[in-house]
There are 2 protein chains.
Amino acid sequence: MGRPRGFDEATVVRSAAELFSTRSYDGISMDDLVTHLGVHRNSLYKTFGSKRGLYLVALRWSLRHHIAPLVDRVAAAGDLAGALRVALGEPATEAGLNLLLMAAVERAPVDPEVADELAPVLAAFDQAARTAAGRHPDRDEQDDDGVALALTATILGLRLRARAGTPGTTIDQAGAALAHRLTRHT
Amino acid sequence: MGRPRGFDEATVVRSAAELFSTRSYDGISMDDLVTHLGVHRNSLYKTFGSKRGLYLVALRWSLRHHIAPLVDRVAAAGDLAGALRVALGEPATEAGLNLLLMAAVERAPVDPEVADELAPVLAAFDQAARTAAGRHPDRDEQDDDGVALALTATILGLRLRARAGTPGTTIDQAGAALAHRLTRHT
DNA sequence: ATTAGTCAAGAACGTTCGTTCCTAAACTCC
DNA sequence: GGAGTTTAGGAACGAACGTTCTTGACTAAT
């Protein structure tokens with residue numbers, strides 16, 4: 001009963017995640033959200049409670065629909081070089097990684113709930129990289145774990161470089177070279 | 001002539017850089033700066049023009065006094081493993097790297113002047129990593145450049161992980177393992 | 001001693017922020 | 001076809017933002 005809502009909640013969440021991936025949390029106003037999402041203020045507050053509530057929902061959506069599949073593809077990559085190619089190759093995941101980047105840098109330190117959302121995702125990232133790396137009996141196990149952690153860091157770092165303005169060709173070069181090197185020595 | 005100023009400009013800039021390294025640009029208000037720096041509003045505006053002006057001066061100060069020396073130590077490290085240890089080992093540079101991190105992620109995309117400040121610094125970082133890696137005649141030159149780029153990305157990525165809440169021991173493990181691996185294959 | 005110039009202190013400015021209130025419209029159920 | 005309920009729309013709220021203005025304190029040169 002009651003008037004039916006004139007918007008699709010899933011669509012709104014997806015659009016919000018996209019918007020939050022372009023600028024910082026504080027850099028996006030409620031007016032921006034209202035304008036960009038085409039949904040009125042009142043509806044947003046009714047549905048998500050607050051700006052932070054909408055942000056958290058959008059973040060969780062992005063982690064689930066963008067990052068989680070990426071993690072799966074990394075795990076299935078076979079080797080570290082493939083994992084790197086998978087993580088950096090797909091432009092569709094750029095928005096998800098950007099949102100993850102900003103959540104980690106500027107939100108997690110001041111919002112414990114954001115930190116709690118990120119921790120398992122980053123751990124899963126590490127685990128996936130670990131899986132992609134495979135076991136090598138002649139190598140120290142801790143060593144492999146550490147390299148997997150470093151791979152996650154490298155993916156995020158390269159994405160950060162791209163966001164900071166480093167040309168895409170340079171990023172691609174770094175990714176390709178690292179993949180090449182990792183492959184040769186694995 | 002005139003009343004002498006009751007604060008040291010260099011000290012203020014250093015304190016501002018430290019404060020800006022803890023939270024996002026928008027997350028720090030002018031009141032926060034006035035309180036933390038112990039300098040009055042009017043003096044800050046007289047000296048730096050605006051909040052953004054103070055931020056830019058603080059950013060440049062940090063790049064020059066924290067990042068530039070770090071880049072030099074990376075270049076002098078001798079090999080990639082040493083470069084990684086140098087970059088992650090010193091807690092004194094954490095503030096500088098955090099500020100660099102947030103500047104790259106959230107300011108550079110919306111403030112061209114910040115992007116212009118960061119670009120040469122990141123390029124210098126790459127160059128230093130390139131120097132630390134050294135030349136290996138049996139290896140492709142582009143390959144070495146790419147690995148140097150990746151090292152910069154890894155340093156930033158690991159620093160990001162630390163900021164997002166990943167335990168320090170985990171970060172250290174990743175750094176040590178990567179250093180170990182790089183050393184063995186270099 | 002007076003004057004001119006700079007700085008400190010704090011009130012106050014107009015805007016913008018996130019949020020809430022109020023009313024009209026649109027639907028289901030009885 | 002009212003009654004009841006939920007949404008849409010827009011105005012309006014207090015608070016906080018970056019910035020400016022006004023006043024009084026202080027110092028150096030005249």
Side-chain angles (χ1 to χ4, degrees), chain A residues 1-60 99 102-103 106-107 109-114, chain B residues 1-59 99 102-103 106-107 110-114:
Chain A
M1 39 188 162
R3 177 175 172 175
R5 45 177 50 167
F7 64 93
D8 177 39
E9 186 170 326
T11 305
V12 165
V13 170
R14 183 153 39 84
S15 297
E18 189 182 346
L19 184 57
F20 277 124
S21 75
T22 62
R23 272 175 286 161
S24 72
Y25 176 80
D26 288 318
I28 291 175
S29 71
M30 215 56 193
D31 281 348
D32 291 335
L33 286 164
V34 167
T35 302
H36 187 265
L37 302 181
V39 176
H40 238 81
R41 247 180 192 56
N42 217 343
S43 305
L44 292 179
Y45 276 92
K46 193 80 171 182
T47 310
F48 303 103
S50 65
K51 179 189 175 185
R52 179 172 172 270
L54 173 54
Y55 174 80
L56 285 173
V57 171
L59 175 61
R60 292 194 189 101
L99 183 55
M102 281 192 296
E106 71 150 0
R107 295 311 299 166
V110 297
D111 191 331
E113 208 156 339
V114 171
Chain B
M1 44 186 162
R3 179 175 170 176
R5 49 175 48 165
F7 63 92
D8 177 39
E9 186 170 326
T11 305
V12 165
V13 170
R14 182 152 39 85
S15 297
E18 188 181 346
L19 184 58
F20 276 124
S21 75
T22 62
R23 272 175 288 162
S24 72
Y25 176 79
D26 288 317
I28 291 175
S29 71
M30 215 56 193
D31 281 348
D32 291 335
L33 287 164
V34 167
T35 302
H36 187 265
L37 303 181
V39 176
H40 227 81
R41 250 183 191 52
N42 216 343
S43 304
L44 292 179
Y45 275 93
K46 194 78 170 183
T47 311
F48 303 104
S50 66
K51 179 188 176 186
R52 179 171 172 270
L54 173 54
Y55 174 81
L56 285 173
V57 170
L59 175 63
L99 183 55
M102 282 191 294
E106 71 152 359
R107 296 310 300 166
V110 296
D111 191 333
E113 208 156 339
V114 171

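Chain letters run A, B, ... following the sequence lines, proteins first and then strands; every chain starts at 1.
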Check: protein-nucleotides 11-18 of chain D nitrogen or oxygen pairs below 3.5 Å:
from	atom 1	to	atom 2	distance (Å)
D:dG18	OP1	B:Ile28	O	3.4
D:dG18	OP1	B:Lys51	NZ	2.6
D:dG18	OP2	B:Met30	N	2.6

On DNA chain C, more 5' by nearest nucleotide between A:Gly49 and B:Asn42 is B:Asn42
For A:Ala103, is there any backbone N or O sitting under 3.5 Å from a side-chain donor or acceptor partner on A:Tyr25? no
Would you mind reporting whether B:Phe20 and B:Leu33 have side-chain heavy atoms less than 4.5 Å apart? yes
Please state how far atom NE2 in A:His40 lies from atom P in C:dC22, giving the value in whole angstrom units. 17 Å
Show me the pairs that pass salt bridge (charged side-chain N to carboxylate O under 4.0 Å, His left out) and involve residues 37-47 of chain B, at least two apart or across chains. B:Asp31-B:Arg41
Any residue meeting ring pair (Phe, Tyr, Trp, His ring centres under 6.0 Å) with A:Phe48, in chain and number order, not counting sequence neighbours: none
Figure out the CZ/P separation between A:Phe48 and C:dG18, and round it to whole Å. 16 Å
Sequence neighbours excluded, the answer for side chain to side chain contact (heavy atoms under 4.5 Å, CB included) partners of B:Arg23 is A:Val110, B:Leu19, B:Ile28, B:Asp32
Contact check, side chains of A:Glu18 and A:Thr22, non-hydrogen atoms, under 4.5 Å: no
Charged N-O contact under 4.0 Å between A:Glu106 and B:Arg107: no
Rounded distance (Å) that lies between atom P of C:dA26 and atom CZ of A:Phe7: 17 Å
Taking side chain to side chain contact (heavy atoms under 4.5 Å, CB included) as the test, write out the residues that go with B:Thr35, two or more places apart. none
Base-pair string, DNA chain C, Watson-Crick plus G-U, cut-off 3.5 Å on both distances, | for inter-strand, is ||||||||||||||||||||||||||||||
